[in-house]
Amino acid sequence: NRGVIFQTRGEVENGMADFNRAIEFNHRFAEAYTNPGKIPYERGDVDGALADYDKAIKYGADSSASPSSGSYLVSASNPVLAMAYNNRGAVYRGKGDMKRALADFNRAIEADPRLARAYSNRSTVRLHDGDAGGAMDDLERALMLDPQLSKVWNNRGFIRRGAGHTNAALADFDRAIELDPRNFEARLNRGSVLHDKGRFEEAIAEFDQIILLAPRDKRAWFNRGNSRQSKGDYAGAISDFTRAIELDPRQAIAYSNRGNARRANGDLAGAMNDYDQALILDPRCALAFVNRGIGYLQQGREAEAQRDFDQ
């Protein structure tokens, strides 16, 4: 338990030391492997995390007793085993191995049908696989079990938005932010819905909050640039797109959108340079071809415009 407290406080080395002592005391203590598995994963050591979770599953499959008791009994519900499967599934999902991730989330739910996070995690795999209905069922179940999970409200809102239920989605994003004001995904999604509704000032205010809390979030700068451009603040949009590009110079769409803002602001030469750069980064960026084509038309270069439109 002390190791968990250290880990929660961010005292990683102290936490690892306590987990290792627990394992030395009883190498079959599954929970001691489950908790430290998060640490190597967060440090980028995926193989180390998988190794820890493999051991947690191995020893958790037949244990539900205290490590000091020396006896291990099979339990109808095994929360330690469920968490080990859930965490390993999250690692597999991070690696893009959705098949193994889904199998682990299924096993987590079998081991503990009340583990809300396992339903939430399984929903992301189902959504990835195109099963929006199954994903929604999982999210509804997760909210029944634990209505305090901000991430689940956000994910349900995401699916509702995709289905065109924007008001219901907005309500879900509101609830997600209420539960966790630092849920940047929910704030991004809420701002995007407000933008789509033409409520640009409110969208900008939402993106402002993300930039205040996470000034290196390129998505917030990019999205705020879009909203500023939509309300006619071209100078502000150019500034935001420029900052998004500084944070990630590989964003072809950011160059293309900045080009649009520059063109609207009277800088056609700068806009054409941006469209060119967008197409260098992504030769298949259809929007950049269309936008550059419009720029060519403004320059009277009709043949080159037609060539871009044909792309």
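All residue numbers in this chain count up from 1 along the given sequence. Keep in mind the model is a prediction, meaning the values are calculated, not measured. Only heavy atoms go into these numbers, but all of them, side chains included; no hydrogens, no water, no symmetry mates.
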Gly293 and Ala305 have their tightest heavy-atom pair at O-CB, 3.3 Å

Check whether the side chains of Asn121 and Arg93 place a donor and an acceptor atom closer than 3.5 Å, and report yes or no. yes

From Ile204 atom CD1 to Arg228 atom CZ, the distance as rounded to the nearest 0.5 Å: 6.5 Å

Could you check if a side-chain atom of Met272 sits within less than 4.5 angstrom of a side-chain atom of Leu268, using non-hydrogen atoms only? yes

Side-chain contact, heavy-atom cut-off 4.5 Å: Arg219 with Glu185? yes

Check whether any side-chain heavy atom of Leu188 lies under 4.5 Å from a side-chain heavy atom of Phe207, and answer yes or no. yes

Is there a path of hydrophobic side-chain contacts, each under 4.5 Å between heavy atoms of I/L/V/M/F/W/Y residues, joining Tyr296 to Tyr275? yes

Are Lys151 and Ser120 close enough that a side-chain donor and a side-chain acceptor fall under 3.5 Å? no

Determine, using the 4.5 Å side-chain heavy-atom cutoff (strictly less than), whether Leu149 and Leu115 are members of one ILVMFWY cluster. no

Is Asp104 salt-bridged to Arg107, cutoff N-O under 4.0 Å? yes

Other residues, nucleotides, ligands: >12 heavy atoms within 6.0 Å of Phe289 CZ: yes

Please check if any side-chain donor atom of Asn260 sits under 3.5 Å from a side-chain acceptor atom of Tyr234, or the reverse. no

Check for a donor-acceptor pair, side chain of Ser230 on one end and backbone N or O of Asn226 on the other, with a separation under 3.5 Å. yes

Should we count CZ of Arg307 as having more than 12 external heavy atoms under 6.0 Å? yes

Check the pair Arg161 / Asp196 against side-chain contact (heavy atoms from CB on, under 4.5 Å), numbers first and verdict last. CA-CA 11 Å; Arg161 181 191 178 197; Asp196 292 344; 2.7 Å; yes

Flag for Ser77-Arg114: side-chain donor and acceptor within less than 3.5 Å: no

Just by distance, with hydrogens left out, do Asp310 and Gln306 show a side-chain donor and acceptor under 3.5 Å apart? yes

Evaluate salt bridge (Lys or Arg N to Asp or Glu O under 4.0 Å) for Arg284 paired with Asp282, printing each intermediate quantity in order. CA-CA 5 Å; Arg284 298 175 62 84; Asp282 182 4; 5.9 Å; no

For Asp137 and Arg126, run salt bridge (Lys or Arg N to Asp or Glu O under 4.0 Å): C-alpha distance rounded to whole Å, both residues' side-chain angles, the deciding distance at 0.1 Å, then the answer. CA-CA 10 Å; Asp137 289 342; Arg126 285 181 158 177; 5.7 Å; no

From CG (Leu194) to CD (Glu201), nearest 0.5 Å: 11.5 Å

Specify the closest pair of heavy atoms between Ala288 and Ala278, including all atoms of both residues, with the distance to one decimal. CB-CB, 3.9 Å

Nearest-0.5 Å distance, CG of residue Asp240 to CD1 of residue Ile211: 5.5 Å

Quick check: does any side chain N or O of Arg199 sit under 3.5 Å from a backbone N or O of Gly191, one acting as donor and the other as acceptor? no

If you draw a 6.0 Å radius around CZ in Arg117, do more than 12 non-hydrogen atoms from other residues or ligands fall strictly inside? no

Can you tell me if CZ on Arg100 sees more than 12 non-hydrogen neighbours from other groups inside 6.0 Å? no

Do the non-hydrogen side-chain atoms of Glu206 and Ile177 ever get within less than 4.5 Å of each other? yes

Answer yes or no: is there an ion pair linking Arg182 with Asp180, defined by an N-O contact shorter than 4.0 Å? no

Flag side-chain contact, heavy atom, 4.5 Å: Phe105 against Asp138: no

Check whether any side-chain N or O of Tyr119 sits under 3.5 Å from a backbone N or O of Pro113 as a donor-acceptor pair, and report yes or no. yes

Any chance you could measure Arg224, atom CZ, to His195, atom NE2, to the nearest 0.5 Å? 14.5 Å

Does the separation of the ring centres of Phe222 and Phe241 fall below 6.0 angstrom? yes

Under the 3.5 angstrom rule, does the side chain of Trp221 hit a backbone N or O of Pro215 as a donor-acceptor pair? yes

To the closest 0.5 Å, what do you measure between CD1 (Ile253) and CD1 (Ile245)? 10.5 Å

Residues Ala237 and Gly225: closest non-hydrogen pair is CB-O, 3.4 Å

For the residue pair Asp208 and Leu212, establish whether any side-chain heavy-atom pair is separated by less than 4.5 Å. no

Rounded to the nearest 0.5 Å, the CG atom of Leu139 sits from the CD1 atom of Ile159 at a distance of 5.0 Å

Following the transitive rule for hydrophobic clusters with a side-chain heavy-atom cut-off under 4.5 Å over Ile, Leu, Val, Met, Phe, Trp and Tyr, establish whether Tyr255 and Leu287 coincide in one cluster. no

Could you tell me which non-hydrogen atom of Gly295 sits nearest to which non-hydrogen atom of Arg263, and how far apart they are? CA-CD, 4.5 Å

Quick one, Leu179 and Arg175 - any side-chain contact, counting heavy atoms below 4.5 Å? yes

Check against side-chain contact (heavy atoms from CB on, under 4.5 Å), Arg190 and Val193: CA-CA 5 Å; Arg190 182 176 189 273; Val193 171; 5.9 Å; no

Might you point out which heavy atoms bring Ser150 and Asn183 nearest each other, and give the distance in Å? OG-ND2, 2.8 Å

So, Trp153 side chain and Pro147 main chain: donor-acceptor pair closer than 3.5 Å or not? yes

Closest non-hydrogen atom pair between Asn223 and Ser192, with its separation: ND2-OG, 3.7 Å

Under 3.5 Å, is there a donor on one side chain and an acceptor on the other for Arg262 and Asn265? no

Test log, rule side-chain contact (heavy atoms from CB on, under 4.5 Å), inputs Asn106 and Leu102: CA-CA 6 Å; Asn106 285 338; Leu102 181 60; 3.9 Å; yes

Side chains of Ile294 and Phe309 in contact at under 4.5 Å (non-hydrogen atoms): yes

For the hydrophobic clusters of this structure (ILVMFWY residues joined by side-chain heavy atoms under 4.5 Å, transitively), does one cluster hold both Leu143 and Phe158? yes

Salt bridge Glu140-Arg156, side-chain N to carboxylate O under 4.0 Å: yes

Apply side-chain contact (heavy atoms from CB on, under 4.5 Å) to Asp308 and Asn291, showing your working. CA-CA 9 Å; Asp308 273 3; Asn291 292 333; over 6 Å; no

State whether the side chain of Gln251 and the backbone N or O of Ala244 hold a donor-acceptor pair below 3.5 Å, judged by distance alone. yes

